[in-house]
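Since this is a predicted model, take the numbers as computed values, not measurements.
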Protein chains: 2
Amino acid sequence: MQQEDDVLLTSERMAGSVNTNPVVIRRLLGQLKKAGLVEVRPASGGTFLTRQPAAISLLDVYRAVEVVEEGQLFSVHDKPLPACLVGRNIQAALDTTLRRAQTAMEQVLAGVTLQQVTTEILTQENLKD
Amino acid sequence: MQQEDDVLLTSERMAGSVNTNPVVIRRLLGQLKKAGLVEVRPASGGTFLTRQPAAISLLDVYRAVEVVEEGQLFSVHDKPLPACLVGRNIQAALDTTLRRAQTAMEQVLAGVTLQQVTTEILTQENLKD
DNA sequence: TACGACTGTAACCGCAATAGTTACACTAAG
DNA sequence: CTTAGTGTAACTATTGCGGTTACAGTCGTA
C-alpha cells in the first residue's frame with residue numbers, strides 16, 4: 001500500500017486538491033484514523049490506507065465520518081406530551097421501519113468498494129469526448 | 001374520511017399537541033397539501049386526508065415534506081478542480097451507487113402505510129406495563 | 001540533540017438553515 | 001357581516017458547519 005516513492009500526501013496537498021482548508025482535511029483524517037481506515041505519519045507527513053482499497057467499502061467510510069450516528073438516519077420528535085397516546089408510542093412504532101430503511105441504504109454502500117470506485121473513475125475518464 | 005362529527009383539527013390544536021407553534025404546523029400542512037395528501041378548510045378550520053390512510057405510504061409523506069430533494073440524499077462536493085482527474089469524474093462515478101442507496105431506503109418507506117403505523121401505535125399501547 | 005515539517009486540536013468567525021414568533025391579509029361558514 | 005381559522009411574509013434566535021488562525025505535540029534527519 002505505502003507509496004513512499006510517490007509524492008508525499010500531506011493534508012495541505014489534499015486541501016489544495018479539493019479547494020478547502022488543511023484543517024478540514026485533518027479533521028476528516030482524524031475520523032478515518034479513529035475508524036482504523038488510514039494511518040497518519042505525525043511528523044514528516046503522509047497518510048496511507050491501512051487496507052487494500054478492495055477491502056474498504058463505502059459503508060466503512062460513511063460510518064467512519066459518521067454522517068449520521070449509528071443510531072438514526074431519521075430522528076423523531078423528542079419532546080412528546082406523555083399524556084398523548086401518539087406522542088407516547090410513535091417513536092417505537094416508527095423505529096423498526098426507519099431502522100430497516102436505513103439498513104437498506106447502508107447495505108448498498110456496503111456492496112461497493114473504494115477499488116470499484118477508482119476503477120469507475122478511470123473508466124469515466126476514458127469515455128470522455 | 002371526513003370526520004366532521006369529530007373534534008375540529010386546527011393548526012392550533014395540532015401545535016399544542018406536539019409542543020410547537022401553529023405556524024410551523026401550517027407550513028408543513030402547506031407542503032402536504034401541495035403534495036395532494038391533505039385538504040385544508042381555510043375558514044372555520046379543519047384538515048382532512050384526501051385518501052385512506054392505507055393508501056398513503058411513508059414515502060409519500062417523506063417526499064411531500066421533501067426532507068431531501070428528489071435528486072440527492074447524498075450531495076457531493078460541487079466545486080472540484082477541473083484539472084483534477086478525480087474531481088472531474090468522481091461525481092459521475094459515485095452517482096449510480098448513491099442513487100441506488102437512496103432508492104433502497106425509499107423503497108422501505110414505500111412499503112409502509114399510515115394505516116400500518118397507526119395500528120402499530122395502538123398495538124404498542126396495549127402492550128404497555 | 002536540535003531543527004523543521006507536519007499533524008492534532010482548541011478557539012473563534014461567518015454563513016446558511018430552520019424553529020419559533022408576530023403580524024396581517026384572505027376565506028368562508030353561520 | 002362577523003368571526004375563527006388559514007396562508008404567508010418578516011424577523012429573531014439558535015444550531016451546525018466550513019473556514020481560519022494559532023499553537024502544542026511528534027518525529028525523521030542532519
Side-chain angles (χ1 to χ4, degrees), chain A residues 2-50 61-62 64-69 71-81 87, chain B residues 2-50 61-81 87:
Chain A
Q2 321 226 342
Q3 30 190 315
E4 309 277 14
D5 44 340
D6 221 17
V7 76
L8 204 56
L9 209 46
T10 68
S11 63
E12 184 117 17
R13 287 185 61 83
M14 296 190 229
S17 167
V18 294
N19 274 331
T20 184
N21 193 284
V23 175
V24 176
I25 299 293
R26 283 183 227 151
R27 285 202 270 244
L28 284 173
L29 245 33
Q31 296 185 278
L32 294 176
K33 196 175 62 171
K34 198 165 62 178
L37 296 181
V38 304
E39 179 188 337
V40 180
R41 297 285 163 75
S44 52
T47 303
F48 312 95
L49 296 180
T50 55
V61 180
Y62 176 82
V65 298
E66 49 187 50
V67 177
V68 116
E69 286 296 320
Q72 227 57 75
L73 173 58
F74 305 91
S75 57
V76 184
H77 184 51
D78 54 341
K79 31 180 176 171
L81 292 185
Chain B
Q2 320 227 342
Q3 29 189 317
E4 310 276 14
D5 45 338
D6 220 16
V7 75
L8 203 56
L9 208 47
T10 69
S11 62
E12 185 116 20
R13 288 185 60 83
M14 296 190 227
S17 167
V18 294
N19 273 331
T20 185
N21 193 284
V23 175
V24 176
I25 299 292
R26 283 183 226 150
R27 286 203 270 244
L28 283 173
L29 245 32
Q31 297 186 276
L32 295 176
K33 196 175 62 171
K34 198 165 61 178
L37 296 181
V38 303
E39 180 189 336
V40 180
R41 296 286 163 75
S44 52
T47 303
F48 311 96
L49 296 180
T50 55
V61 179
Y62 176 82
R63 284 264 173 78
V65 298
E66 50 187 49
V67 177
V68 116
E69 286 298 321
E70 172 83 33
Q72 226 57 76
L73 173 58
F74 305 92
S75 57
V76 184
H77 183 51
D78 53 342
K79 30 179 175 169
L81 292 185

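- Side-chain N/O atoms of B:Lys33 include one lying less than 4.0 angstrom from OP1 or OP2 on D:dG7.
- Atom CZ in A:Arg13 sits roughly 16 Å away from atom P in C:dA5 (whole-Å rounding).
- B:Glu12 has its CD atom 8 Å from the P atom of D:dT6, to the nearest Å.
- In the region residues 20-27 of chain A, proximity to DNA chain D at under 4.0 angstrom, judged on heavy atoms, holds for A:Thr20, A:Asn21, A:Val23, A:Val24, A:Arg27.
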| task | Give the intermediate values and the outcome of side chain to side chain contact (heavy atoms under 4.5 Å, CB included) for residues A:Leu29 and A:Met14. | result | CA-CA 11 Å; A:Leu29 245 33; A:Met14 296 190 229; 3.8 Å; yes
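- Around the CD atom of A:Gln31, the shell of radius 6.0 Å holds more than 12 heavy atoms that belong to other residues, nucleotides or ligands.
- Atom CZ of A:Arg41 is separated from atom C1' of C:dT7 by 13 Å (rounded to the nearest Å).
- When each of D:dT6, C:dT7, C:dG8 is scored by its nearest atom to the side-chain atoms of A:Thr10, the top-ranked nucleotide is C:dT7.
- The distance from atom CG of A:Asn21 to atom CD of A:Glu12, rounded to the nearest 0.5 Å, is 9.0 Å.
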| message | Does A:Ile25 form a side chain to side chain contact (heavy atoms under 4.5 Å, CB included) with A:Thr20? I'd like the steps, not just the answer. | response | CA-CA 8 Å; A:Ile25 299 293; A:Thr20 184; 4.0 Å; yes
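- Remark: A:Thr10 engages no residue in a side chain to side chain donor-acceptor pair (under 3.5 Å) (not counting sequence neighbours).
- The two residues B:Thr50 and B:Gly36 make their nearest non-hydrogen contact at OG1-O, 2.7 Å.
- A distance of 11.0 Å separates CG of A:Leu28 from OG of A:Ser11, quoted to the nearest 0.5 Å.
- Taking atom CG of B:Leu9 as the reference point, atom C1' of D:dT6 lies 14 Å away to the nearest angstrom.
- Closest heavy-atom contact between A:Lys33 and A:Val40: CD-CG2, 4.0 Å.
- B:Lys34 comes within 4.0 angstrom of no nucleic acid atom, judged by non-hydrogen atoms across all strands.
- Atom CZ in B:Arg13 sits 12.0 Å away from atom OG1 in B:Thr47 (nearest 0.5 Å).
- With the end axes of the helix from C:dT1-D:dA30 to C:dG30-D:dC1 each set by five pairs, the angle from one to the other reads 20° at 10° resolution.
- Whole-Å rounding puts the A:Leu28 CG to C:dT7 C1' distance at 14 Å.
- For B:Gln31 and D:dG7, the CD to P distance is 12 Å, given to the nearest whole Å.
- B:Leu29 has its CG atom 12 Å from the P atom of D:dT8, to the nearest Å.
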